[in-house]
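These notes are about the structure you will find just below.
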Protein chains: 2
Amino acid sequence: MKKTNITIKDIARKLGVSPSTVSRALKDHPDISPQTKKEIQELASSLNYQPNSVALSLRQSKTHTIGVIIPEIAHFFFSAVISGIEDIAHSAGYHVIITQSNESFEREVMNTKALFNSRVDGIMLSISRETNNYQHLQNLLDNNVPLVFFDRMVESLNACKVIVNDEQGAYEATTHLIEQGYYRIAHLAGPQNLGISKNRLNGYKAALADNKYMMDDNLVKVCGLGTYEEAEAITNELLDYRFPPDAIFSNNDVAAYGAMTAIKKRGLRIPEDVAIVGFSNWRFSSLIQPALSSVTQPGFKMGQEATRLLMKQIALGDDEEAITETISLKTNLVVRESSLKKKKPAVS
Amino acid sequence: MKKTNITIKDIARKLGVSPSTVSRALKDHPDISPQTKKEIQELASSLNYQPNSVALSLRQSKTHTIGVIIPEIAHFFFSAVISGIEDIAHSAGYHVIITQSNESFEREVMNTKALFNSRVDGIMLSISRETNNYQHLQNLLDNNVPLVFFDRMVESLNACKVIVNDEQGAYEATTHLIEQGYYRIAHLAGPQNLGISKNRLNGYKAALADNKYMMDDNLVKVCGLGTYEEAEAITNELLDYRFPPDAIFSNNDVAAYGAMTAIKKRGLRIPEDVAIVGFSNWRFSSLIQPALSSVTQPGFKMGQEATRLLMKQIALGDDEEAITETISLKTNLVVRESSLKKKKPAVS
DNA sequence: TTGAAAGCGCTAACAT
DNA sequence: ATGTTAGCGCTTTCAA
């Protein structure tokens with residue numbers, strides 16, 4: 001006695017009118033008389049009628065759904081992105097279908113196909129590590145499917161992109177330390193084959209240069225392993241210098257933690273003796289490292305911007321030329337009160 | 001010159017056959033002659049034909065999509081759940097639509113409606129904090145929509161549930177400490193109005209009782225604020241006892257971190273002098289707290305199990321009686337080598 | 001072995 | 001102001 005989803009037909013039959021009348025009444029079409037309109041709407045709500053979006057989608061060839069392909073959901077940065085996507089999509093009346101590539105090329109291809117078959121109105125993705133063939137994405141573009149890349153994009157494809165400006169983030173973090181009055185700022189860098197690490201090092205260098213600080217190569221140490229023990233050891237080397245650094249800009253949170261450990265073990269104070277600012281995706285960094293300021297990736301915002309871009313594309317008629325915008329997001333410098341040493345005196 | 005999604009009709013026209021023949025050929029129906037079948041399949045693939053799932057869904061009133069309502073995506077536990085959901089759903093050929101309630105009742109209701117309208121084949125949800133009226137969920141059940149709760153469920157509703165056995169997890173953690181030879185085990189408890197905290201305290205008590213340990217009320221401290229500073233202060237109280245604890249079982253990772261800080265500041269060693277085991281949702285706990293063992297919630301598994309349950313329900317005919325199974329998942333005790341003091345000697 | 005026709009639920013152009 | 005009809009893309013009975 002279940003399984004009886006109310007349809008427009010049902011309502012029409014009960015009221016002795018035609019389905020089209022019901023359809024019009026339910027969407028408050030001006031042609032329908034107030035009288036019938038009222039009857040229909042009342043019956044509909046008392047029957048708890050819910051329109052079948054599938055039928056609508058077929059009719060209008062529009063699903064009001066966007067597809068997302070993400071390398072790994074259970075990663076703080078990406079889940080923040082999803083959250084941002086959901087935020088904008090939801091308020092625009094869109095659903096979000098999430099798929100995961102798990103960094104596998106094959107799954108990425110499967111997912112694009114499946115999303116296309118579902119006739120999503122647009123797709124946003126961050127390509128997997130393995131991906132170096134872009135035919136599946138080119139297919140989408142050829143079929144006029146709105147496409148937006150976030151975080152990891154394909155340079156050569158003619159689509160919208162949202163990325164993070166790491167260099168600028170590093171620049172800002174370093175400048176912050178300079179403004180706080182630190183004068184010997186070391187950098188725990190990441191492996192230099194990663195673009196991301198290189199950009200951060202460049203930002204660091206640029207900030208030093210712009211502030212007329214001498215660049216001292218001894219203060220830049222690459223942490224190749226990425227363990228905190230490594231960072232701890234490297235920090236110890238730095239602290240053993242005759243002129244040790246009084247601040248450290250770290251490429252990531254693991255290294256920052258290693259540095260913190262080394263500094264504390266020596267009985268030095270953070271940030272009075274040595275300050276630390278590092279890039280971080282750490283959800284709980286404020287809890288764990290109350291003395292550390294950090295530079296965070298704006299995942300939520302990235303999701304929002306990517307979705308806005310996608311919405312714009314979707315709104316475009318199918319004949320109009322696709323837009324290909326690239327948004328470069330600023331990182332957030334999260335400064336904790338307790339990590340401030342001194343303000344630069346106002347210039348007199 | 002775009003926007004021409006290939007349909008079955010297109011193929012039929014080009015080959016001078018009927019749409020039904022094409023449909024059959026594409027799904028390898030035995031009635032079609034090998035000859036035409038081959039022609040059709042070849043043309044389809046060369047045209048890169050992709051079946052329109054929306055039309056399929058309408059036809060079969062089956063969307064192969066499941067809906068998820070989650071309080072907050074960017075939370076490690078929940079994103080792990082999503083990951084588990086995706087894992088199972090994907091291999092069963094299902095899509096996953098994610099929605100977020102943001103702990104708001106209103107949004108939860110909107111989301112259930114929207115998912116229902118999308119005619120998802122089933123819904124999984126963790127209710128929001130605000131939710132205390134269940135009409136929207138009852139509606140789903142009345143409409144025969146398969147429903148599975150995970151983590152936060154509604155006792156009174158007749159649906160499948162997947163939860164975590166916190167009491168058992170606490171029991172196991174405490175037992176672990178006992179087996180390692182610790183004999184004075186304190187508990188940093190959570191606010192006792194939360195079922196979850198109560199369950200963990202109960203597990204702790206049960207473990208002590210089963211091992212013939214004296215229950216000492218002085219060793220159970222409630223951390224009401226939930227800050228790590230509070231936990232640090234409370235730990236200090238404990239350590240000031242004439243007979244201080246040699247192990248701490250903590251209700252959560254924040255308290256564990258506070259305890260760790262207090263212990264380290266006194267120059268005591270972990271785990272030799274005082275061991276800590278705590279419940280944790282911490283993604284990076286292994287990195288940050290290499291000396292701490294922890295009890296983690298099996299989020300991924302929860303997602304998997306919930307999805308399996310949902311699939312089972314979906315597979316059920318609409319006439320058959322709905323099943324209402326409840327699965328209680330074991331927590332994971334993550335033991336780090338460095339947190340082991342001594343093994344209990346084998347009984348001679 | 002293939003085709004014609006109906007229908008999933010809804011809407012919109014075209015009657016009336 | 002309301003009804004009729006056709007069609008979105010696909011499957012599936014039924015007929016040939």
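The sequence lines fix the lettering, A, B, ..., with proteins before strands; numbering per chain opens at 1.
Remark: P of C:dG7 and CG of A:N52 are 18 Å apart, rounded to the nearest angstrom. Taking atom CG of residue A:L58 and atom P of nucleotide C:dC8, one finds them 13 Å apart after rounding to whole Å. Atoms CZ (A:R59) and C1' (D:dA6) sit 8 Å apart, rounded to a whole Å. We find that CD of B:Q50 is positioned 15 Å from P of D:dG9, with the value rounded to whole Å. One atom, CG of B:L15, and another, C1' of C:dT1, lie 15 Å apart when rounded to the nearest Å. Counting to the nearest Å, the P atom of D:dC8 and the CG atom of A:L56 are 16 Å from each other. Computed from coordinates, the B:D31 CG to C:dA4 P distance equals 17 Å when rounded to whole Å. When the C1' atom of C:dG9 is taken as reference, atom CZ of B:F116 falls 13 Å away, rounded to whole Å.
Remark: B:S20 is not in phosphate contact with D:dT11, judged by side-chain N or O atoms under 4.0 Å from OP1 or OP2. When the side-chain nitrogen and oxygen atoms of B:K9 are compared with OP1 and OP2 of D:dC8, one or more of them lie within a distance under 4.0 Å. Side-chain N/O atoms of A:S18 include none lying less than 4.0 angstrom from OP1 or OP2 on D:dT4. In this model, the phosphate group of C:dG9 is not approached by any side-chain N or O of A:Y49 to a distance below 4.0 Å at OP1 or OP2. Remark: B:S23 is in phosphate contact with D:dT11, judged by side-chain N or O atoms under 4.0 Å from OP1 or OP2.
Across all strands shown, A:V54 has no heavy atoms under 4.0 Å from either base or sugar-phosphate atoms. Nucleic acid contact class of A:T36 (heavy atoms, under 4.0 Å, all strands): sugar-phosphate only. Backbone-only contact: A:I8 has heavy atoms under 4.0 Å from sugar-phosphate atoms and none from a base. Residue contacts for B:S33: at a heavy-atom cut-off of 4.0 Å it reaches the sugar-phosphate backbone alone, with no base atom in range.
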Checklist entry - Would B:D10 and B:R13 count as a side chain to side chain contact (heavy atoms under 4.5 Å, CB included) if you check the C-alpha gap in whole Å, the side-chain angles of each, and the deciding distance to 0.1 Å? => result CA-CA 5 Å; B:D10 297 329; B:R13 208 175 316 116; 3.5 Å; yes
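Among the nucleotides C:dG9, D:dG9, D:dA1, the one closest to any side-chain atom of B:T7 is D:dG9.
Taking the centre and axis of the six-membered ring of B:F116, the NZ or CZ atom of B:R119 falls inside the cone set by 45° and 6.0 Å. Seen from the ring of A:F150, A:R152 does not count as a face-on cation partner, given the 6.0 Å and 45° thresholds.
When the shell of 6.0 Å around NZ of B:K38 is examined, it contains 12 or fewer heavy atoms from other residues, nucleotides or ligands.
Between A:H64 and A:Y94, the angle of the ring planes lies from 30° to 60°, which puts this pair in the tilted group.
For D:dG3, the base has a donor-acceptor partner in the side chain of A:R24 [N/O atoms by modelled type, under 3.5 angstrom].
Each of B:A55 and B:I32 lies near DNA chain C, and the nucleotide nearest B:I32 is the one positioned closer to the 5' end.
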